[in-house]
Amino acid sequence: MPPSAVAFGIGNVLVEWDPRHVYRPLFDGDEALMEDFLTHVCSPEWQRELERGRPWAEAVGALTAAFPECAELIRTFHACWADMAPGEVPGMPEIVGALKALGVRLYGVANAPVEGVAVLARRFNVLGLLDGVVVSGEEGMAVPIHRRLLDRYGLVAADTLFIDAAPAGIADAAALGMATHHFTSAAKLREELERLGLPS
């Protein structure tokens, strides 16, 4: 039997997201300087604090105090967070719409700051097709949040397909017994869905 529910990691599966979309022009194309900033100032560790629910004002305030010379660039991370998502991932609105038409229950999982997905949902129609979303910042936790997804929406792990671009998300979902697909393109996902009996 095909899965009765499909859950998507939102970032880089349904919606493209990368802070470089905002910062590249601010650094005048200096890739090395931009990468240094995203590694050591607005670092992955700092971003994970936001994904666990740390308030923006607190996170930005602490970082600007530590790096006053980068204050404006740090504040830009908050002010332009939604602009780091330039568009929907090509081909995915069509796939999600086809699954919706089949009556498949559809959900989203996002490692994002509080209200981050709500901001994106006002811009991207594909997110409005989901029956529910779990956002790490609103839950006060980062990966793994897949157990929260299953419990909140009454999903059976073995009957739920989880699709994500992040290997860590795939590993956590698989550990709970969910079927998984490591997303690389809409075309590859369509092939997998058809193999599972979900023509899209």
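- Pairing each heavy atom of Ala82 with each of Val119, the nearest pair is CB-CG1, 3.5 Å.
- Put simply, the side chain of Asp83 never gets that close to the backbone of Val22: no donor and acceptor are under 3.5 Å apart.
- Annotation: side chain of Thr180 is not in contact with side chain of Leu161 (no heavy-atom distance under 4.5 Å).
- Under a hydrophobic-cluster definition in which Ile, Leu, Val, Met, Phe, Trp and Tyr are linked whenever side-chain heavy atoms come within less than 4.5 Å, directly or via other members, Met84 and Leu127 are assigned to the same cluster.
- Trp46 and Phe77 have perpendicular rings, their planes meeting at more than 60° on a 0 to 90° scale where under 30° would count as parallel.
- Note on ring orientation: taking the six-membered ring where Trp is involved, the planes of Tyr23 and Phe27 are tilted (angle from 30° to 60°).
- Each salt bridge (Lys or Arg N to Asp or Glu O under 4.0 Å) pair with one or both residues in residues 5-15, not counting sequence neighbours, would appear here, but there are none.
- Of all non-hydrogen atoms in Pro113 and Trp81, the two that sit nearest each other are CD-CZ2, 3.6 Å.
- Under a hydrophobic clustering in which Ile, Leu, Val, Met, Phe, Trp and Tyr are joined whenever their side-chain heavy atoms come within less than 4.5 Å, directly or via other members, Leu193 and Leu129 fall into the same cluster.
- Here the closest non-hydrogen pair linking Cys70 and Phe37 is CB-CE1, 4.1 Å.
- Distance CD1/Ile10 to CG/Asn12: 11.5 Å, rounded to 0.5 Å.
- Residue pairs meeting the salt bridge (Lys or Arg N to Asp or Glu O under 4.0 Å) criterion with at least one partner in residues 145-154, sequence neighbours excluded, are Glu139-Arg148, Glu139-Arg152, Arg147-Asp151.
- For the pair Ser136 (side chain) and Ala112 (backbone), a donor-acceptor distance under 3.5 Å is present.
- Side-chain atoms of His182 come within 3.5 Å of backbone N or O of Ala165 as a donor-acceptor pair.
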Exercise for review: I would like to know whether Arg48 and Glu51 meet salt bridge (Lys or Arg N to Asp or Glu O under 4.0 Å); could you show each step before the answer?
Suggested key: CA-CA 5 Å; Arg48 278 194 287 273; Glu51 292 169 0; over 6 Å; no

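- Atoms CD and CG, from Gln47 and Leu38 in turn, are 7.0 Å apart once rounded to the nearest 0.5 Å.
- Inter-residue side-chain proximity for Phe8 and Leu99 is flagged as met; some heavy-atom pair is nearer than 4.5 Å.
- Sorted by first then second residue, the side-chain hydrogen bond (donor to acceptor under 3.5 Å, both in side chains) pairs that include residues 54-80, not counting sequence neighbours, are Glu49-Arg54, Arg54-Glu58, Glu72-Arg75.
- With sequence neighbours left out, the side-chain contact (heavy atoms from CB on, under 4.5 Å) criterion links Thr39 to no other residue.
- Note on Tyr107: it does not cluster hydrophobically with Val126, by side-chain heavy-atom contacts below 4.5 Å among ILVMFWY residues.
- Side chains of Val13 and Asp164 form a contact here, defined as non-hydrogen atoms less than 4.5 Å apart.
- With contacts defined as side-chain heavy-atom distances shorter than 4.5 Å, the pair Leu189/Ile95 qualifies.
- Across every non-hydrogen atom of Leu149 and Gly108, the tightest pair is CD1-O, 4.3 Å.
- For residues 106-132, the salt bridge (Lys or Arg N to Asp or Glu O under 4.0 Å) pairs, not counting sequence neighbours, are Lys100-Asp131.
- Proximity of Arg105 to Leu155: side-chain heavy atoms (C-beta onward) are separated by under 4.5 Å at one or more points.
- In terms of hydrophobic clustering, with Ile, Leu, Val, Met, Phe, Trp and Tyr side chains grouped at heavy-atom distances under 4.5 Å, Leu50 and Val117 are assigned to a common cluster.
- The SG atom of Cys80 sits 10.5 Å away from atom CG of Leu73, with the distance rounded to the nearest 0.5 Å.
- The aromatic ring centroids of Phe162 and His146 lie less than 6.0 Å from each other.
- Side-chain contact between Ser4 and Val104 is absent, with no heavy-atom pair separated by less than 4.5 Å.
- Annotation for Leu120 and Ala85: closest pair CD2-CB, 3.8 Å, computed over non-hydrogen atoms.
- When all heavy atoms of Ala186 and Pro90 are compared, the closest pair comes out as CB-O, 3.4 Å.
- When side chains are defined from C-beta on, Asn125 does not count as touching Pro93, because their heavy atoms never get closer than 4.5 Å.
- Considering only heavy atoms from C-beta on, Pro2 comes within 4.5 Å of Leu198 through its side chain.
- Legend: salt bridge (Lys or Arg N to Asp or Glu O under 4.0 Å) pairs involving residues 8-25, not counting sequence neighbours, sorted by first then second residue: Asp18-Arg20, Arg20-Glu35, Arg24-Glu31.
- Using a 4.5 Å cut-off between side-chain heavy atoms of Ile, Leu, Val, Met, Phe, Trp and Tyr, with links allowed through other members, Met92 and Leu196 fall into the same hydrophobic cluster.
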**Study point:** Test side-chain contact (heavy atoms from CB on, under 4.5 Å) applied to Val89 and Val15, step by step
**Key:** CA-CA 5 Å; Val89 173; Val15 175; 5.7 Å; no

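- With rounding to the nearest 0.5 angstrom, the CD atom of Glu192 is 4.0 Å from the CZ atom of Arg195.
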